[in-house]
Amino acid sequence: MAELGGSAEYRLGVDIGGTFTDMVVVRDGGAVTTLKVLSSPPDFGRSVVSGLEQLLRLAGIASGAVRSILHGTTVATNAILEARGARTGLVTTTGFRDVLELGRMRHPSLYDMTWRKPLPLVPRRLRLELDFRIDAAGKVTAPLNDAELAGVAGQLREEQVESVAVCFINSYANQDVEKTIAASLRSLLPGVPVSASAEILPEIKEYERTSTTVVNAYVHPLVDRYIVDLEKGLYSLGVRGSFQIMQSSGGLIDAGEARARPVQMIESGPAAGVIAVRALATRIGRPNVVSFDMGGTTAKASLIENGEPFEAAEYEVGGGMNTGHGLTRGGGYTIRVPSIDISEVGAGGGSICWIDGGGSARVGPQSAGASPGPACYAHGGTAPTLTDANVVLGYLSPHQIAGGSQAIDSGLAHAAIAEHFAAPLGLEPLEAAYGAYRIAVAAMSKAVKAVTSQRGRDPRDFSLVGFGGAGPMYAAAMAAEFDIDTVVIPPRPGLFSAIGLLVADVQHHAVASLSRRSGVAAADLAARFARLETELRGRFERDGYAAAAISIERFADMRYRGQSSELRIPVAAGQLTEQTVAALHERFEDEHERTFGHRGSQHAPEILNVRVRAHVAAAGTGASDILGYRATPGEDAAGSVRNAYFGPAVGLVATPVTSRAGLAGKPAAGPMIIEEMDATTLIPPGWTVALDPFGDLVMERAR
Amino acid sequence: MNARLAPSPIADPITFEVVKGGLEALADELAITIVRTAHSQVVRDNMDFSTAVCDAHGQVVAQGCGIPLHLGALPDALATLVRKYAGNINPGDVFILNDPDEGGMHLPDIFLVKPVFIGGDLIGYAACVAHFPDIGGRTAGGNAVDSTEIFQEGLQIPLLKLFDGGRRDETLMAILLRNVRIPEVVLGDLEALLAACHVGERGLIQLAERHGKETLAVIMERLLAYSEQRLRSELSAMPDGDYSFEDFIDDDGFGSGPIRIAVKLTIAGDRMVADFAGTSGQVRSALNATPSFTRAAVYAGVRCVVSDDIPSNQGFYRPIEVRIPLGSILNAERPAARAARGLTGFRACDAVLGALAQVCPGRVPAAGEGGATMLSFGGTYADRRAFVFVDFVPGGWGGRKTADGVDGTSPLAANVTNIPVEEIELDQPIRVERYGFVPDSGGAGLYRGCLSIVRELRFLEKEGTLQIRSDRRQHLPYGLQGGANGTPSSNVFNPGPEEQALPTHVSRRVKQGDVIRHITAGGGGYGDPLERDPALVLDDVLNGKQTAAYALDQYGVVIAPDGAVDGLATREARKRARAARSG
């Protein structure tokens with residue numbers, strides 16, 4: 001029970017996933033209480049309010065003592081996946097209303113003749129054109145006719161659109177004129193939100209800019225309602241704290257700002273997990289780590305180098321697995337907003353183990369999901385899953401998991417593996433289950449490759465942090481795959497994303513494309529950066545942040561002239577001179593060589609976009625307290641032993657099973673299994689495990 | 001489930017799956033490297049390139065996500081290499097090739113192949129091919145249709161060592177860069193391919209070190225056998241017999257008239273023969289294809305009707321025999337020009353799919369738009385710097401058994417992207433005036449073909465040249481199962497009162513302000529248009545993809561003034577249309 005302190009203040013992290021809503025409340029000074037409740041789609045706010053009520057009661061906290069609520073949510077993503085967004089209109093340049101539907105023309109799988117292109121979020125009838133044209137230099141070559149604009153507004157009104165996107169060809173080169181037109185539309189269409197591309201993404205490439213702006217407009221009314229309802233619900237509980245939302249970039253924004261730019265919060269949940277890893281990495285003094293997050297249906301990998309995560313410039317919502325390489329584009333809705341680069345494959349505890357038409361063993365991407373779930377849950381599922389394989393292998397308890405809230409029927413796990421996986425392969429069930437484990441590791445290694453070797457990073461230079469419901473079960477095997485010697489499993493690994501919310505910064509971003517790419521004078525660059533910085537400081541100050549608390553980072557998107565993808569290069573603080581610009585070019589060339597193995601021998605680097613990131617450090621308790629671990633009274637420190645199988649070379653081994661508390665002060669050698677409320681950690685033979693001073697499990701591979 | 005490999009002591013099913021995944025990921029990794037580092041728009045934005053990982057015999061064991069029509073060509077290039085350099089393949093070598101008569105395709109497609117060694121033992125090859133933006137020759141871009149012999153088409157590079165034991169052949173490099181119009185871009189693309197080869201080398205060595213050289217070799221061979229057996233079991237399930245189809249290219253650009261592509265598919269047990277006897281002879285222009293390209297068209301067609309999880313490797317080709325008459329347009333003899341062979345490959349693929357539609361009805365869509373069309377501008381700026389702009393204009397797919405043809409996507413056989421309008425306007429002396437769908441186009445059907453796409457470009461420099469390679473004006477994309485044929489393509493010069501219709505193949509001078517409007521063909525329809533769900537027709541009308549008049553004319557659907565389907569009038573109109581048909 002946390003103490004009922006009159007002056008104590010609390011911060012609350014709430015992470016909504018498709019199945020569960022995770023809540024973590026932390027008191028100044030570090031007492032942490034957690035709660036996992038079922039999500040309540042489509043009205044996600046309901047589970048937050050009812051769960052919060054329960055959590056406050058559980059922790060004995062007065063609602064008035066909650067100072068801030070930090071929130072990660074999939075509400076925007078789900079609106080897109082389930083086509084529940086607003087009736088949206090698009091206003092664009094004559095001759096280009098089909099840009100949105102044409103997209104980039106690639107289909108995601110080469111020979112699938114049944115493929116259907118995702119329906120455009122704005123149907124053609126609601127994509128209206130204006131005889132207004134800007135050229136590549138930003139000059140208006142065909143001026144706007146006010147009567148025509150009024151006509152378009154009338155049409156949109158008649159069609160009863162609930163949201164409008166505006167994106168003209170080349171508007172990245174003349175943002176003001178598009179903003180002015182958007183303002184006119186706002187006054188012509190009172191009550192209808194208008195998203196202008198010049199305000200959302202003033203970047204070159206018309207399809208990507210249009211698509212991003214349309215996604216913003218499409219989810220805008222729904223997210224707006226969601227946030228307002230949630231604020232009301234919190235108010236009704238007596239909670240008066242500030243309310244901030246996680247963005248895809250890993251930074252928080254005030255709820256009001258999120259309502260204006262909902263496109264920034266699409267990947268809210270996964271980003272929070274990486275931010276938690278970043279805080280952990282700093283605390284334990286390992287600035288270079290691979291973040292490995294494995295849940296029920298997917299595994300996600302991300303990279304933290306020198307304490308900072310990487311950013312992805314672009315991804316697709318609803319496009320299946322995001323492998324980050326852009327080779328299989330066309331399956332979803334493209335958005336370009338700053339987001340943490342996370343690569344994902346379809347492998348999780350619920351992934352089905354199956355045999356393909358050629359008799360080959362496969363795992364995923366189909367998942368048994370929450371219903372019917374793995375066979376061993378005895379909810380009617382008969383298909384073998386990774387969870388069933390782990391029961392057969394002895395890795396998972398044959399009786400119960402999740403602190404007893406989920407019973408396990410190991411007979412059903414054996415039957416499913418034996419009948420549907422082992423027999424067709426001509427293998428013993430134990431061998432087949434071990435095979436499923438290995439195949440899952442091989443499949444998930446693609447996600448790790450995408451963020452390491454495919455970016456020129458040697459994974460051996462990194463440690464691996466495993467979390468998520470299934471991550472700790474596979475973390476050591478994943479590390480071994482890449483010759484990584486150290487694995488860290490934080491406390492509460494199954495709730496780690498919610499914890500990330502409590503350690504994140506508040507962040508704003510701005511970008512501008514240069515219309516002249518080479519030979520840009522240092523003074524011009526400085527002016528560009530200054531304008532973006534002023535804009536961001538304004539946003540912070542509107543939300544009441546002190547100017548002194550704001551720190552600014554500058555970046556340049558650079559490439560060799562002629563290339564189509566850019567590298568994001570940090571621009572050193574201080575005055576920009578011709579020398580510092582030259583140094584910037586040098587840094588780009590170094591990074592290019594590092595990432596791709598060569599320098600361009602005849603091409604000058606060019607700057608495509610300039611970006612500014614402004615942030616204010618998270619208020620509240622220090623990260624170490626939030627991330628820390630204290631054994632809960634009653635946590636079972638007593639151990640037991642069960643047989644676990646580690647492949648033909650090692651065989652079946654009597655393996656000690658204990659809890660994190662049971663390990664305290666006693667480094668141990670694998671094989672060992674550590675069972676906790678929210679996850680099971682596997683320490684294979686050849687690895688040792690110890691608790692560090694913060695309560696993390698640190699595994700080391702014997703060399 | 002009869003496609004099973006015998007068990008192997010060295011490659012258990014689990015290790016097999018793990019290594020197979022590793023090889024496939026590696027081939028993709030090569031492709032990622034090219035996308036990220038290439039310089040030309042045609043490579044980086046159109047993604048006109050392919051990659052592969054091969055075994056020590058030069059057999060393709062894994063292919064990167066790329067252009068299906070390229071993928072069949074890599075085996076020929078590797079076969080030439082293994083034959084020509086037997087005993088002289090060494091660590092540090094990188095081979096280069098673009099000669100169509102040595103396993104290449106057309107001159108702009110440059111192949112790089114790097115043998116991979118561990119301790120002196122050859123364990124495999126990394127290979128890639130990309131369409132370069134220029135290769136010299138009489139026209140910028142190297143795609144001209146109106147060349148009559150290969151000597152006009154640019155620099156020919158027989159299979160040579162670009163690197164010999166790690167040392168670059170500076171003579172070859174100097175000749176190559178001296179013979180192209182935009183040497184810095186060509187060099188940039190070449191470096192991208194080299195980077196991909198290095199990535200392939202590193203990855204193959206890692207796989208061999210992790211699993212053992214011998215295991216890797218065994219699994220590579222088993223991977224080929226696996227694809228082979230999977231295809232054999234699918235072929236066994238198809239009804240034996242002969243299935244013939246023919247399709248046409250309108251013209252070779254020199255007034256040849258229709259060019260016939262005839263194919264007879266024979267299914268016999270677990271094998272297939274594709275015989276192109278009856279196909280027209282090689283033509284005067286550059287539409288001639290290589291046998292490797294023709295085979296690729298057959299493989300791509302077959303891939304479309306079988307399970308899409310059969311690994312893409314050379315084992316897939318073993319059950320298929322392709323016979324192509326020497327001296328035909330599909331197997332031209334030197335010194336035939338071949339720059340524009342892409343179009344011929346598309347048509348060969350259409351012909352194969354037309355025959356497959358009889359083998360497995362329902363699995364094959366009606367013909368797509370038949371492209372992609374190629375448009376290119378070239379010239380020099382006032383400061384005499386050269387510019388070359390190559391644009392592919394893809395259209396979409398034909399109608400299918402359960403869905404309309406996709407509006408706005410690449411042809412099945414060439415998964416290319418379009419180039420951003422704003423990138424074109426920033427980098428090239430071109431303004432894009434229009435890019436979008438053309439209403440009332442495409443073939444009607446229970447499920448309609450894709451709409452035509454219009455791309456309108458205005459030339460802004462003083463003067464230059466314009467090249468167009470297009471087709472499908474007389475011989476339209478075919479419909480299936482009662483669906484209408486697609487609609488024709490067109491090229492209009494300076495649209496307006498003074499407009500001029502241009503032929504399908506164009507090579508001409510242009511001056512400042514000239515506009516070319518290209519409209520792609522519309523795809524063929526699938527099934528009877530009079531059976532189409534009126535709600536789908538209404539949806540197209542409301543979205544401006546069709547007019548109400550067209551809906552009535554093609555589908556017998558009557559849209560009432562209030563914007564809803566008039567059910568009664570529609571039934572009547574359809575009854576009349578059916579009567580007129582049978583009368």
Side-chain angles (χ1 to χ4, degrees), chain A residues 95-99 101-107 109-117 123-125 135-136 169-170 172 204-207 325-330 356-362 425-427 435 438-439 442-443 446 449 454 515 560 562-565 596-598 600-603, chain B residues 1 3-4 7 13-14 17-18 21 25 28-29 31-33 35-40 44-45 65 68 184-185 187-188 191 195 198 226 229-230 303-304 307-309 363 365 394 400 403 406-410 412 415-418 420-423 425-426 433-437 542-545:
Chain A
F96 296 95
R97 73 158 154 167
D98 293 321
V99 157
E101 186 168 345
L102 288 164
R104 288 282 163 245
M105 308 299 269
R106 266 172 90 87
H107 35 100
S109 51
L110 281 187
Y111 306 101
D112 178 7
M113 319 270 276
T114 62
W115 176 67
R116 295 186 190 212
K117 199 171 183 172
R124 195 168 194 262
R125 62 187 294 195
D135 71 10
I169 293 289
N170 291 324
Y172 72 94
I204 189 168
K205 293 186 190 175
E206 69 286 349
Y207 165 67
H325 55 47
L327 288 182
T328 48
R329 281 185 292 183
D356 73 14
S360 201
R362 310 279 289 268
L425 289 172
L427 293 175
R438 280 181 65 201
I439 291 170
K446 287 183 189 170
K449 271 185 198 161
Q454 288 176 13
S515 48
Y560 287 116
Q563 289 183 315
S564 75
S565 71
F596 303 124
H598 69 100
S601 36
Q602 290 197 4
H603 306 267
Chain B
M1 299 295 254
R4 286 296 165 75
I14 306 303
E17 179 64 22
V18 168
D28 277 344
E29 215 169 318
I32 295 156
T33 307
V35 172
R36 291 206 171 153
T37 61
H39 285 244
S40 68
R44 66 179 208 209
D45 290 333
C65 191
E184 72 285 355
V185 179
L187 180 63
E191 283 173 341
H198 291 311
Y226 173 76
Q229 294 196 22
R230 291 226 27 210
R303 285 227 59 137
C304 288
S307 314
D308 66 355
D309 65 344
R363 277 200 243 170
R400 297 167 286 177
V406 178
D407 286 335
T409 196
S410 280
L412 290 161
N415 200 9
V416 297
T417 75
N418 52 14
V421 168
E422 292 174 350
E423 292 268 353
E425 295 197 355
L426 190 60
E433 300 285 4
R434 172 170 297 271
Y435 183 40
F437 296 121
L542 291 177
N543 276 315
K545 289 187 168 181

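Proteins get letters first, then strands, A, B, ... in listed order; numbering begins at 1 in each.
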Electrostatic pair A:Lys446-B:Glu29, nearest N-O below 4.0 angstrom:
no
May I ask you to decide if B:Thr409's main-chain N or O and A:Lys117's side chain share a donor-acceptor pair within less than 3.5 Å?
no
Can you see which heavy atom on B:Ala25 is nearest to which on A:Lys449, and at what distance?
CB-NZ, 4.5 Å
Taking A:Arg124 for its side chain and B:Asn543 for its backbone only, find out whether a donor-acceptor pair lies under 3.5 Å.
yes
Let me know if B:Val406 has heavy atoms under 4.5 Å from chain A in its side chain, its backbone, both or neither.
side chain
So, using side-chain hydrogen bond (donor to acceptor under 3.5 Å, both in side chains) as the criterion, who are the partners of A:Asn170 when residues are at least two apart?
B:Glu425
For A:Thr114, check side-chain contact (heavy atoms from CB on, under 4.5 Å) against everything at least two apart and list the hits.
A:Asp112
State, with a plain yes or no, whether a side-chain heavy atom of B:Pro420 is found less than 4.5 Å away from one of A:Tyr207.
no
Where is the tightest heavy-atom contact between B:Gly436 and A:Leu102, given as atom of each residue plus distance?
CA-CD1, 4.0 Å
If you compare all heavy atoms of A:Lys205 against all heavy atoms of B:Glu422, which two are closest, and at what distance to 0.1 Å?
N-OE1, 2.8 Å
Minimal heavy-atom distance between B:Tyr435 and A:Asp98, with the atoms involved, is O-CB, 4.4 Å
Quick one: are B:Leu412 and A:Tyr111 in side-chain contact, heavy atoms under 4.5 Å?
no
Just by modelled atom types, is the A:Met113 backbone N or O under 3.5 Å from a matching donor or acceptor in the B:Arg400 side chain?
yes
Answer whether the closest heavy-atom distance between the side chains of B:Lys545 and A:Glu101 falls below 4.5 Å.
yes
What closest approach, in Å, do A:Met105 and B:Asn418 show between heavy atoms, and which atom pair accounts for it?
CG-ND2, 3.5 Å
Let me know if B:Arg303 has heavy atoms under 4.5 Å from chain A in its side chain, its backbone, both or neither.
both
